[in-house]
**Q** 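Here it is, the structure, as structure tokens.
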Amino acid sequence: QVRLVESGGALVQPGGSLRLSCAASGSGFSSYAMAWYRQAPGKQRELVATISSAGGYTNYDDSVKGRFTISRDNAKNTLYLRMNSLKPEDTAVYYCNVKYTNIWGQGTQVTVSS
């Protein structure tokens with residue numbers, strides 16, 4: 001079974017950038033569609049972006065469209081989320097997920113604050 005470990009979260013100022021990574025261990029990563037979710041304090045977990053197994057198709061929540069970019073490197077078994085023009089409302093714990101499954105990473109904290 002695939003195991004996921006996120007990294008790259010940090011405290012960043014508004015307008016800044018971060019790149020999150022999600023390293024997958026186990027077999028089959030390149031055959032899975034993947035997703036990034038986030039959960040802010042007191043709120044439900046929400047879908048941020050998705051990517052197809054080969055990376056050719058992506059989709060974004062309207063709140064991040066044009067600012068975030070989801071990508072993957074199947075040779076490295078790694079999923080990425082590039083986040084630009086960060087806003088305080090982007091503050092959350094970010095999770096990667098194998099789409100259509102209950103396979104999640106432990107999350108990485110992103111805090112956008114001056």
**Q** Looking at Gly105, is its backbone amide N or carbonyl O close enough to the side chain of Arg3 to form a donor-acceptor pair, meaning the two atoms are under 3.5 Å apart?
**A**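 Such a contact is absent between Arg3 side chain and Gly105 backbone.
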**Q** Identify the heavy atoms of Phe29 and Asp73 that sit nearest to each other, and give their distance.
**A**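 Shortest heavy-atom separation between Phe29 and Asp73 comes out as CE2-O, 4.2 Å.
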**Q** Check Arg19 against Arg82 and note the closest heavy-atom contact, atom names and distance.
**A**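 The pair with the smallest heavy-atom distance is CB-NH1, 4.0 Å.
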**Q** Quick check on side-chain contact (heavy atoms from CB on, under 4.5 Å): which of Thr69, Val48, Thr50 does Tyr60 satisfy it with?
**A**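 By the side-chain contact (heavy atoms from CB on, under 4.5 Å) criterion, Tyr60 pairs with just one of Thr69, Val48, Thr50: Thr69.
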**Q** Check for me, please, whether Val93 and Val64 land in the same ILVMFWY cluster - side-chain distances under 4.5 Å, paths through other members count.
**A**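 Each belongs to a different hydrophobic cluster.
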**Q** For the OG atom of Ser114 and the CG atom of Leu11, what is their distance to the nearest 0.5 Å?
**A**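 If we round to the nearest 0.5 Å, Ser114:OG and Leu11:CG are 9.5 Å apart.
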**Q** Could you check whether Tyr37 and Trp104 have their ring centres less than 6.0 Å apart?
**A**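 Yes, they do, as the ring centres are separated by less than 6.0 Å.
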**Q** How about Pro88 and Pro14: do any of their side-chain heavy atoms sit closer than 4.5 Å?
**A**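 Pro88 reaches Pro14 side chain to side chain.
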**Q** Is Tyr95 reachable from Met34 through a run of I, L, V, M, F, W or Y residues, each pair having side-chain heavy atoms under 4.5 Å apart?
**A**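 Met34 does not cluster with Tyr95.
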**Q** Using 0.5 Å steps for rounding, measure from the OG1 atom of Thr78 to the CG atom of Leu20.
**A**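 If we round to the nearest 0.5 Å, Thr78:OG1 and Leu20:CG are 12.5 Å apart.
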**Q** Just how far is it from atom OG of Ser71 to atom CG of Leu81, taken to the nearest 0.5 Å?
**A**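 Rounded to the nearest 0.5 Å, the OG-CG separation comes out at 8.0 Å.
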**Q** Are the side chains of Val2 and Tyr32 in contact, using a 4.5 Å heavy-atom criterion?
**A**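 Contact flag for Tyr32/Val2 side chains = yes.
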**Q** Output yes when Lys65 and Asp62 qualify as a salt bridge under the 4.0 Å nitrogen-oxygen rule, no when they do not.
**A**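 Salt bridge flag = yes for Asp62 with Lys65.
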**Q** I need the Phe68 CZ to Ser85 OG distance, nearest 0.5 Å.
**A**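 If we round to the nearest 0.5 Å, Phe68:CZ and Ser85:OG are 9.0 Å apart.
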**Q** Would you please say whether a donor-acceptor pair under 3.5 Å links the side chains of Ser63 and Arg38?
**A**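 Indeed, the side chains of Ser63 and Arg38 share at least one donor-acceptor pair under 3.5 Å.
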**Q** Could you tell me whether a side-chain N or O of Thr91 sits under 3.5 Å from a main-chain N or O of Glu89, the two making a donor and an acceptor?
**A**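 No; zero donor-acceptor contacts below 3.5 Å.
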**Q** Applying side-chain contact (heavy atoms from CB on, under 4.5 Å), run through Thr108 and Ser7 and close with a yes or a no.
**A** CA-CA 6 Å; Thr108 187; Ser7 62; 5.5 Å; no
**Q** Donor-acceptor pair, distance only, cut-off 3.5 Å: does the side chain of Glu6 make one with the backbone of Cys96?
**A**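 Confirmed, Glu6 side chain pairs with Cys96 backbone.
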**Q** Find out whether the Lys NZ or Arg CZ of Arg72 is both under 6.0 angstrom from the six-membered ring centre of Tyr80 and within 45° of the ring's axis.
**A**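 The answer is no; the distance or angle limit is not met.
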**Q** Does the pair Gln109 and Thr111 meet the rule for a side-chain hydrogen bond (donor to acceptor under 3.5 Å, both in side chains), with working shown?
**A** CA-CA 6 Å; Gln109 176 71 49; Thr111 302; 3.3 Å; yes
**Q** Mind listing the closest non-hydrogen atom pair of Leu86 and Arg67 along with its distance?
**A**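 That would be CA-NH1, 3.9 Å.
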**Q** Checking the side chain of Asn97 only, and the main-chain atoms of Ile103 only, is there a donor and an acceptor separated by less than 3.5 Å?
**A**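 Indeed, once roles are kept as given, a pair shorter than 3.5 Å links the two residues.
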**Q** The test is side-chain contact (heavy atoms from CB on, under 4.5 Å); show your working for Ser17 and Met83 and say whether it passes.
**A** CA-CA 5 Å; Ser17 298; Met83 305 186 294; over 6 Å; no
**Q** Just how far is it from atom CG of Asn84 to atom CG of Leu18, taken to the nearest 0.5 Å?
**A**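 Taking CG in Asn84 and CG in Leu18, the distance rounds to 9.5 Å.
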**Q** Donor-acceptor pair, distance only, cut-off 3.5 Å: does the side chain of Asp61 make one with the backbone of Glu46?
**A**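 Judged by distance alone, no pair lies under 3.5 Å.
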**Q** Give a yes or no on whether the backbone of Val5 and the side-chain of Gln106 come within a donor-acceptor separation of less than 3.5 Å.
**A**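 Side chain of Gln106 to backbone of Val5, a donor-acceptor pair under 3.5 Å: no, none is there.
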